[in-house]
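As structure tokens, the structure follows; a few thoughts come after it.
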Number of protein chains: 2
Amino acid sequence: MSQRIRLDLSIILQKATELVDENGLDHLSLGKLAEELQIRPPSLYNHLDGLNGLKQKLAVNGVKKLYEYMLQAAVGRSGDDAIRALSEAYVEFARIHPGLYDATTRFPNSEDKELQQAQQSVVELVVQVLQAYNLKEEMAIHLVRGLRSILHGFTSIEKMGGFGMPIDIDKSFSILLNTYIEGIHSIVINKDKYELV
Amino acid sequence: MSQRIRLDLSIILQKATELVDENGLDHLSLGKLAEELQIRPPSLYNHLDGLNGLKQKLAVNGVKKLYEYMLQAAVGRSGDDAIRALSEAYVEFARIHPGLYDATTRFPNSEDKELQQAQQSVVELVVQVLQAYNLKEEMAIHLVRGLRSILHGFTSIEKMGGFGMPIDIDKSFSILLNTYIEGIHSIVINKDKYELV
DNA sequence: TTGAAAAACTAATCATATTAGTTATAATAT
DNA sequence: ATATTATAACTAATATGATTAGTTTTTCAA
């Protein structure tokens with residue numbers, strides 16, 4: 001008699017996000033998700049293409065949310081200030097959404113056009129911020145890759161508990177960022193040597 | 001009549017390493033491993049504590065090998081030169097052993113003492129290299145964390161195919177490293193500001 | 001050579017994902 | 001309002017993998 005649930009994708013993704021943020025991406029299962037949603041596991045196949053399809057959708061969703069989060073942090077800022085804001089937002093997002101963040105980096109299909117586009121928009125946001133330094137396009141890409149490496153690396157080592165010693169982790173991040181930014185300045189000053197603009 | 005195989009742990013780990021390097025850590029299964037070793041899956045339990053136990057042992061083994069690899073690269077070098085050598089070895093190791101490298105960053109149990117000690121030895125190696133800069137102990141730790149973030153971040157983004165654009169990836173790495181090293185110099189020069197030594 | 005320990009085995013169970021086929025509900029068109 | 005259609009739920013069944021229990025074979029040392 002209890003009327004059947006009627007779901008849509010956004011509700012499913014929301015619940016799946018809660019689950020992965022609580023229990024980790026590796027513990028995501030269709031059984032548990034279905035239970036939470038009060039449906040039977042096969043019913044999920046009406047909305048998505050199995051567990052891998054779900055992970056893929058989580059990835060896309062996660063990157064889009066990350067982008068929004070970084071964008072909000074960056075608006076109205078420029079130069080070093082904007083880089084710091086972006087970066088802190090990135091790390092903060094991963095702390096708030098550890099499972100969803102994981103999903104953005106471990107997806108089943110990297111050919112997915114929607115995913116690629118979402119990722120690209122993050123890259124472009126950072127490229128825009130770097131325009132303050134008047135770099136050649138190619139150098140800007142190298143530096144974006146560098147910043148991304150820093151952010152992802154720091155984030156995931158923190159998440160795996162890799163910074164064992166009892167020394168302030170936020171300070172480590174702040175120093176890392178400062179060091180990289182100092183390095184960028186030093187590159188900008190030696191434009192000739194690094195053939196930019 | 002075919003005489004039974006008689007295995008030991010090192011053979012199992014060797015074959016498991018081959019499998020994860022070829023098919024990825026997520027596709028490691030006891031069934032496939034047993035098949036390769038020409039035994040039945042339950043027999044593996046005589047040597048290790050299930051799939052998670054295997055992953056844990058792979059992690060320890062991987063970190064130890066990574067340490068050796070970095071050590072070999074660093075001997076006889078110092079300063080910037082040693083940092084570059086260490087770093088290139090790290091990235092190279094991850095390229096040679098993508099699955100094993102993954103295992104070193106996604107293990108079931110981070111409390112494992114043997115794992116922690118192996119990780120610590122890598123940290124100490126880098127601390128030693130940084131002694132060339134006469135930093136305060138704490139600052140050295142921050143910089144080691146930074147370098148580790150850079151190396152792990154670059155490595156895993158490369159592995160996930162995250163550097164989409166057709167721009168030289170090795171060059172990106174080299175610039176990233178140079179930028180960070182430049183940043184370290186700039187910190188060393190402003191010792192007073194950063195309260196070191 | 002015999003007894004204990006190690007390491008293989010078979011058989012069975014459990015957890016999950018997935019597919020096939022069916023039914024109930026909601027939305028839409030008549 | 002009612003009939004039709006599409007959506008989204010369901011049950012039942014299958015497949016893959018990990019794991020456990022209990023047994024047998026082999027090795028090694030006394």
Side-chain angles (χ1 to χ4, degrees), chain A residues 1-61 99-100 102-103 106-109 112, chain B residues 1-61 99-100 102-103 106-109 112:
Chain A
M1 201 92 313
S2 61
Q3 74 262 17
R4 291 190 180 179
I5 314 291
R6 203 156 180 102
L7 296 171
D8 69 357
L9 189 56
S10 75
I11 294 177
I12 293 176
L13 289 183
Q14 186 186 317
K15 183 59 76 177
T17 299
E18 285 172 26
L19 284 178
V20 296
D21 282 341
E22 266 175 44
N23 312 320
L25 184 62
D26 290 328
H27 291 86
L28 177 61
S29 77
L30 295 182
K32 182 65 183 168
L33 177 59
E35 185 188 322
E36 290 282 321
L37 294 168
Q38 294 181 282
I39 59 175
R40 301 300 169 139
S43 306
L44 288 168
Y45 286 77
N46 287 312
H47 301 279
L48 40 84
D49 192 10
L51 183 59
N52 277 342
L54 172 58
K55 287 179 178 170
Q56 193 72 26
K57 286 200 156 72
L58 276 180
V60 174
N61 212 245
L100 186 60
D102 239 25
R106 290 167 42 198
F107 31 79
N109 173 22
D112 183 330
Chain B
M1 201 90 315
S2 63
Q3 74 265 14
R4 291 191 181 179
I5 314 290
R6 199 151 185 107
L7 296 171
D8 69 357
L9 189 55
S10 75
I11 294 178
I12 293 175
L13 289 181
Q14 186 185 317
K15 183 58 78 179
T17 299
E18 285 172 26
L19 284 178
V20 296
D21 282 341
E22 266 176 43
N23 312 320
L25 185 62
D26 290 327
H27 290 84
L28 177 62
S29 77
L30 296 183
K32 182 67 182 166
L33 177 58
E35 185 188 323
E36 289 283 321
L37 294 167
Q38 294 180 282
I39 59 173
R40 302 299 171 143
S43 306
L44 289 168
Y45 286 77
N46 288 312
H47 301 279
L48 41 85
D49 192 10
L51 184 58
N52 277 343
L54 172 57
K55 287 180 178 170
Q56 192 73 26
K57 285 201 157 73
L58 276 180
V60 174
N61 211 245
L100 186 60
D102 240 25
R106 289 167 42 199
F107 31 79
N109 173 22
D112 183 331

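Throughout, protein chains are lettered first and strands after them, A, B, ... in sequence-line order, and every chain is numbered starting at 1.
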> Picking from dA9(D), dC10(D), dT10(C), which would you name as closest to the side chain of Arg40(A)?
Replying inline: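 Of dA9(D), dC10(D), dT10(C), dC10(D) is nearest to the side chain of Arg40(A).
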>> Which nucleotide wins on minimum distance to the side chain of Ser29(A), given the candidates dC10(D), dA8(C), dT16(C)?
In response: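 Given the options dC10(D), dA8(C), dT16(C), the side chain of Ser29(A) is closest to dT16(C).
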Taking [atom1] from [X] and [atom2] from [N], how many angstroms apart are they, rounded to a whole number?
| X | N | atom1 | atom2 | result |
| --- | --- | --- | --- | --- |
| Leu33(B) | dA8(C) | CG | P | 12 Å |
| Leu9(B) | dA6(C) | CG | C1' | 14 Å |
| Glu35(A) | dC10(D) | CD | P | 13 Å |
| Ile11(B) | dA6(C) | CD1 | P | 18 Å |
| Gln38(B) | dC9(C) | CD | C1' | 15 Å |
| Asp26(A) | dG17(D) | CG | C1' | 16 Å |
| Leu7(A) | dA9(D) | CG | C1' | 9 Å |
| His27(B) | dA18(D) | NE2 | C1' | 17 Å |

> Hey, what do you get for CD1 (Ile11(A)) to CD (Glu36(A)), rounding to the nearest 0.5 Å?
Replying inline: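 The CD1 atom of Ile11(A) sits 13.5 Å away from the CD atom of Glu36(A).
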> Under 3.5 Å, side chain of Asn52(A) to main-chain N/O of Lys55(A), donor-acceptor pair present?
Replying inline: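 No: the side chain of Asn52(A) does not pair with the backbone of Lys55(A).
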>> Going by side-chain contact (heavy atoms from CB on, under 4.5 Å), name the residues that satisfy it together with Gln14(A), two or more places apart in sequence or in a different chain.
In response: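 Expected list: Glu18(A).
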> Taking Leu54(B) as the fixed residue, which of Leu9(B), Leu44(B), Leu48(B), Val20(B) is the one that meets the side chain to side chain contact (heavy atoms under 4.5 Å, CB included) rule?
Replying inline: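 Checked Leu9(B), Leu44(B), Leu48(B), Val20(B) against Leu54(B); only one passes side chain to side chain contact (heavy atoms under 4.5 Å, CB included): Leu48(B).
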> Is there a side-chain contact between Lys57(B) and His47(B), using heavy atoms and a 4.5 Å cut-off?
Replying inline: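 They are not in side-chain contact.
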> Less than 4.5 Å apart, any side-chain heavy atom of Leu58(A) and any of Leu13(A)?
Replying inline: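 Yes, their side chains come closer than 4.5 Å.
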> Under a 4.0 Å heavy-atom cut-off, which of residues 42-56 of chain B touch DNA chain C?
Replying inline: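 Per residue number, the list reads Pro42(B), Ser43(B), Asn46(B), His47(B).
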